[in-house]
Amino acid sequence: MKLHQVWQLGVKDMKAVPLPRPRSAPKRPRELTDEERASRVVFRQILTTPPVLSKNSKIAFMFLTPGTLPFERLWEKFFEGHEGRYTIYIHASREKPEHVSPIFVGREIHSEKVTWGKISMVDAERRLMANALQDIDNQHFVLLSDSCVPLHSFDYIYDYLMGANLSFIDCFYDPGPHGNFRYSQNMLPEVTETDFRKGSQWFSVKRQHALMIIADSLYYTKFKLHCRPGMEDGRNCYADEHYLPTVFRMMDPDGIANWSVTHVDWSEGKWHPKAYRAKHVNLELLKNIASIDVSHHVTSDGKKVVTENPCLWNGAKRPCYLFARKFYPESINNLLTLFANYTLI
């Protein structure tokens, strides 16, 4: 594997005030339903209300996990020395986690069972955000899995997210069987096939967008009822891959980056992404992932159309990824040994 040069970003370069951006209001030729009109009033109010200023802005790190977090020692190293600039929330869907790091003790929220591919995954995400939003100092909200690891230092990630003028929600058009084939016309009239989008579930959103997500009822209900495994015509729809990309495509398309800051390798073409065992984890791998500066999407139809776009941070090309998954628990010692070298920036 060729070792790419990692783009060097100093903290001073990341302190810029987010640039203002225009918002394009969604246009609809038809008459809105009462529910749509009410939803859009709420969304518009949230988006146009100036953010609450915090003297101590924090990032909420929201862990969605079946149980114990295998990389607590790595995350403890990542958070060390940055107390007061982050908060931790854990949704453990199967069993109560056993902690090896004191900073994770007592950070579990009320959790419910999560079934892969079903709306319960979205429910868990919304539950995490609702808990995190109670802290007014939380200004950015990152969803992470138990197999996620950081790719950069805390300062780098903090300045990257706090200084960005967008939320990082993956969103692209896929006309194939794993994309728009999953759409159901039962979502009409509020959700059209033209608006239906796909993306990774691992998001990082600003406070206004987090508020939008938990305030939504109309579109959430559409996906709860009409995007699920085992639908008509043999279709399988997974709400965690379509709900947020579709809603933000409709409600605030200029407010999202259209890529996730969490790297996942789907190059093997399987149902699940590539997973890294201890033997795979070395400095070259981590620095190569951290240096990627182009987002990559492939359609699931026969054409396999590849779309690549530069990752733009406030208009400037920057590395795309702050976190990566999926890492096996056995790789913890390799990651701890390499941490100081691969997170130099």
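Rounding to the nearest 0.5 Å gives a distance of 10.5 Å between NZ of Lys77 and CG of Leu335. The structure places CG of Asp170 at 7.5 Å from CG of Asn258, a figure rounded to the nearest 0.5 Å. Separation of atoms CZ (Arg182) and CZ (Arg235) is listed at 11.5 Å; rounding is to 0.5 Å. Considering OG1 of Thr299 and NZ of Lys304, their distance stands at 7.0 Å, rounded to 0.5 Å. Going from atom OH of Tyr238 over to atom CH2 of Trp116 covers 4.5 Å, rounded to the nearest 0.5 Å. Note that CG of Leu128 is 6.0 Å distant from CG of Leu64, once rounded to the nearest 0.5 Å.
In this structure, Phe223 is a member of the same hydrophobic cluster as Met250, with clusters built from ILVMFWY side-chain heavy atoms closer than 4.5 Å. Clustering ILVMFWY residues whenever any of their side-chain heavy atoms sit less than 4.5 angstrom apart, transitively, puts Leu166 in a cluster other than the one holding Leu312. Cluster annotation: Val42 and Met129 are assigned to the same hydrophobic cluster (Ile/Leu/Val/Met/Phe/Trp/Tyr, side-chain heavy-atom contacts under 4.5 Å, transitive). Cluster membership check: Leu144 shares its hydrophobic cluster with Ile103, using side-chain heavy-atom separations under 4.5 Å among Ile, Leu, Val, Met, Phe, Trp and Tyr. Under a hydrophobic clustering in which Ile, Leu, Val, Met, Phe, Trp and Tyr are joined whenever their side-chain heavy atoms come within less than 4.5 Å, directly or via other members, Val105 and Val100 fall into different clusters.
No more than 12 heavy atoms of other residues, nucleotides or ligands lie within 6.0 Å of CD in Gln185, so this atom counts as exposed by the packing criterion. Around atom CD of Gln45, no more than 12 heavy atoms belonging to other residues, nucleotides or ligands sit under 6.0 Å away.
Checked by atom type and distance alone, the side chain of Glu241 never pairs as donor or acceptor with a backbone atom of Lys198 at under 3.5 Å. Between the side chain of Thr307 and the backbone N or O of His297 there is no donor-acceptor pair closer than 3.5 Å. Side chain of Gln201 to backbone of Val122: no donor-acceptor contact under 3.5 angstrom is found. Listed for the Gln139 side chain is a donor-acceptor partner under 3.5 Å among the backbone atoms of Ile136. Between the side chain of Glu308 and the backbone N or O of Val294 there is no donor-acceptor pair closer than 3.5 Å. Distance alone, capped at 3.5 Å, is enough to place a donor-acceptor pair between the Asn314 side chain and the Gly163 backbone. Judged by distance alone, with hydrogens and angles left aside, the side-chain atoms of Arg73 form no donor-acceptor pair with the main-chain N or O of Pro70 at under 3.5 Å.
Nearest heavy atoms, Pro319 versus Ala290: CB-O, 3.4 Å. Between Thr68 and Glu98, the shortest heavy-atom contact is OG1-N, 3.0 Å. Heavy atoms only, all atoms of each residue included: Pro150 and Phe339 are closest at CG-CE1, 4.3 Å. Here the closest heavy-atom approach between residue Ile289 and residue Ala324 is recorded as CG2-CB, 4.3 Å. Closest of all the heavy-atom pairs between Val205 and Ser167 is CA-OG, 3.3 Å. Nearest heavy atoms, Tyr328 versus Phe71: O-CZ, 3.3 Å.
With a 4.5 Å cut-off on side-chain heavy atoms, Val264 and Tyr321 do not count as touching. Taking 4.5 Å as the limit, some side-chain heavy atom of Val114 sits within range of a side-chain heavy atom of His91. Side-chain contact between Arg318 and Cys311: absent, with no pair of heavy atoms (C-beta onward) separated by less than 4.5 Å. The side-chain heavy atoms of Lys326 and Ser145, taken from C-beta on, include no pair separated by under 4.5 Å. In this structure the side chain of Arg40 reaches within 4.5 angstrom of the side chain of Met251, judged on heavy atoms. Put simply, the side chain of Phe203 does not reach to within 4.5 Å of the side chain of Phe248, judged on heavy atoms. Leu151 has its side chain out of reach of Tyr156: every pair of non-hydrogen atoms, C-beta onward, lies at least 4.5 Å apart. The shortest distance between side-chain heavy atoms of Asn186 and Leu225 does not fall below 4.5 Å.
Remark: aromatic rings of Tyr158 and His82 are distant, center separation not under 6.0 Å. The aromatic ring centres of Trp75 and Phe104 sit 6.0 Å or more apart.
Asp195 and Thr192 share a side-chain donor-acceptor pair at under 3.5 Å. At a cut-off of 3.5 Å, with distance as the only test, a side-chain donor of Tyr89 or Asn138 sits close to an acceptor on the other residue. A donor atom on one side chain and an acceptor atom on the other are found under 3.5 Å apart for Asp137 and Ser54.
Using a 4.0 Å cut-off between charged nitrogen and carboxylate oxygen, Glu36 and Arg30 count as a salt-bridge pair.
For Val261, the side-chain contact (heavy atoms from CB on, under 4.5 Å) test picks out Tyr160, Phe168, Ser204, Trp259, Leu322, Phe323, with sequence neighbours left out. Scored by the salt bridge (charged side-chain N to carboxylate O under 4.0 Å, His left out) test, Glu193 finds no partners at all (sequence neighbours excluded). Residues forming a side-chain contact (heavy atoms from CB on, under 4.5 Å) with Asn282 (at least two apart in sequence, or on another chain): Glu284, Leu285.
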Evaluate Tyr276 against Asn334 for side-chain hydrogen bond (donor to acceptor under 3.5 Å, both in side chains), listing each step before the verdict. CA-CA 11 Å; Tyr276 302 102; Asn334 293 32; over 6 Å; no
Apply the test salt bridge (Lys or Arg N to Asp or Glu O under 4.0 Å) to residues Glu31 and Arg37: give CA-CA distance (whole Å), side-chain angles for both, the deciding distance (0.1 Å), then the verdict. CA-CA 9 Å; Glu31 181 73 14; Arg37 186 170 289 107; 3.0 Å; yes
Verdict with supporting geometry, Cys171 and Ile256, side chain to side chain contact (heavy atoms under 4.5 Å, CB included): CA-CA 8 Å; Cys171 177; Ile256 61 173; 3.9 Å; yes
Please step through side chain to side chain contact (heavy atoms under 4.5 Å, CB included) for the pair Phe78 and Val149, ending with a clear verdict. CA-CA 10 Å; Phe78 169 77; Val149 302; over 6 Å; no
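For residues 99-110, the set of pairs meeting the side-chain hydrogen bond (donor to acceptor under 3.5 Å, both in side chains) definition, not counting sequence neighbours, comprises Glu72-His99, Glu76-Ser101, His99-Glu108, His110-Glu112.
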Distance-only check: which donor-acceptor pairs under 3.5 Å involve side-chain atoms of residues 55-62, not counting sequence neighbours?
from  : atom 1 : to     : atom 2 : distance (Å)
Asn56 : ND2    : Gly84  : O      : 3.0
Lys58 : NZ     : Asp135 : OD2    : 2.6

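Remark: Arg126 is positioned above the aromatic ring of Tyr220, its terminal NZ or CZ atom under 6.0 angstrom from the ring centre and at most 45 degrees off the axis.
Through direct or relayed side-chain contacts under 4.5 Å between Ile, Leu, Val, Met, Phe, Trp and Tyr, Val306 connects to Val298.
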